[in-house]
Trainee: 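My structure is below; once you've seen it, I'll send some questions.
Quick note: residue numbers are just sequence positions, from 1.
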Amino acid sequence: EGLAILKKFREIDKDGSGELDYDEVERLLIEFFRTVMAESNIRRLAKMQFQVADQDKTNTLSPKEFLQIIHFIRKEAPKNAQSKINLGAE
């Protein structure tokens, strides 16, 4: 599971910084929730989830902080969206 999550983290980290910025996380959440929510609502959701996950308040997410986003997706995203992107088993 950890390797699948780390692989997804690296895929999302478009700039290769080793941290995820808000735009990178927002794109991920849009990908998972676009079939069940309006994009404007997803953007608000992304902002809220990013702020919660960013525990050290650096405006970026470390791999450890990213786990909170993964847990949220596993809990809330439609199952058909989750199956399109391998996040490993919980």
Trainee: Do E26 and I42 have side chains that approach each other closer than 4.5 Å (heavy atoms only, starting at C-beta)?
Mentor: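 No, too far: nothing below the 4.5 Å cut-off.
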Trainee: How about R44 and K47: do any of their side-chain heavy atoms sit closer than 4.5 Å?
Mentor: no
Trainee: Please work out which of the three classes, parallel, tilted or perpendicular, describes the rings of F72 and F33, given edges at 30° and 60°.
Mentor: tilted
Trainee: Can you measure from OG1 (T60) to CZ (F66) and round to the nearest 0.5 angstrom?
Mentor: 13.5 Å
Trainee: If you group Ile, Leu, Val, Met, Phe, Trp and Tyr by side-chain heavy-atom gaps below 4.5 Å, do V52 and I73 land in one group?
Mentor: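 As far as the 4.5 Å side-chain criterion goes, I73 and V52 are not connected within one cluster.
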Trainee: Give me the atom names and distance for the closest heavy-atom approach of F9 to E19.
Mentor: CZ-CA, 3.9 Å
Trainee: Please list, chain by chain and in numerical order, all residues satisfying side-chain hydrogen bond (donor to acceptor under 3.5 Å, both in side chains) with Q51, sequence neighbours excluded.
Mentor: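 Listed in chain order: nothing, the list is empty.
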Trainee: Between Q68 and E65, is there a donor-acceptor pair closer than 3.5 Å when you use the side chain of the first and the backbone of the second?
Mentor: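 Checked: no pair found.
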Trainee: Run the side-chain contact (heavy atoms from CB on, under 4.5 Å) check on L61 and I69 step by step: do they pass?
Mentor: CA-CA 10 Å; L61 300 185; I69 300 293; 3.8 Å; yes
Trainee: With a 3.5 Å distance limit and no angle check, can you tell me whether D54 reaches the backbone of N59 through a side-chain donor-acceptor pair?
Mentor: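 Checked: pair present.
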Trainee: Using a 4.5 Å cut-off on heavy atoms from C-beta on, say whether the side chain of M37 contacts that of L45.
Mentor: yes
Trainee: For the residue pair P63 and G18, what are the closest heavy atoms and their distance?
Mentor: CD-O, 4.0 Å
Trainee: State, yes or no, whether a side-chain contact exists between K14 and R27 at a heavy-atom distance under 4.5 Å.
Mentor: yes
Trainee: For the CZ atom of F50 and the CG atom of L20, what is their distance to the nearest 0.5 Å?
Mentor: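 F50 CZ to L20 CG: 7.5 Å, rounded to 0.5 Å.
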Trainee: V36, I30: one ILVMFWY side-chain cluster at the under-4.5 Å cut-off?
Mentor: yes
Trainee: Evaluate D21 against E24 for side-chain contact (heavy atoms from CB on, under 4.5 Å), listing each step before the verdict.
Mentor: CA-CA 5 Å; D21 63 29; E24 291 165 331; 3.2 Å; yes
Trainee: Kindly compute the distance separating CG (L6) from CG (L67), expressed to the nearest 0.5 Å.
Mentor: 9.5 Å
Trainee: Is a salt bridge present between R43 and E39, judged by a nitrogen-to-oxygen distance below 4.0 Å?
Mentor: yes
Trainee: Are more than 12 heavy atoms from other residues, nucleotides or ligands located less than 6.0 Å from atom NZ of K57?
Mentor: yes
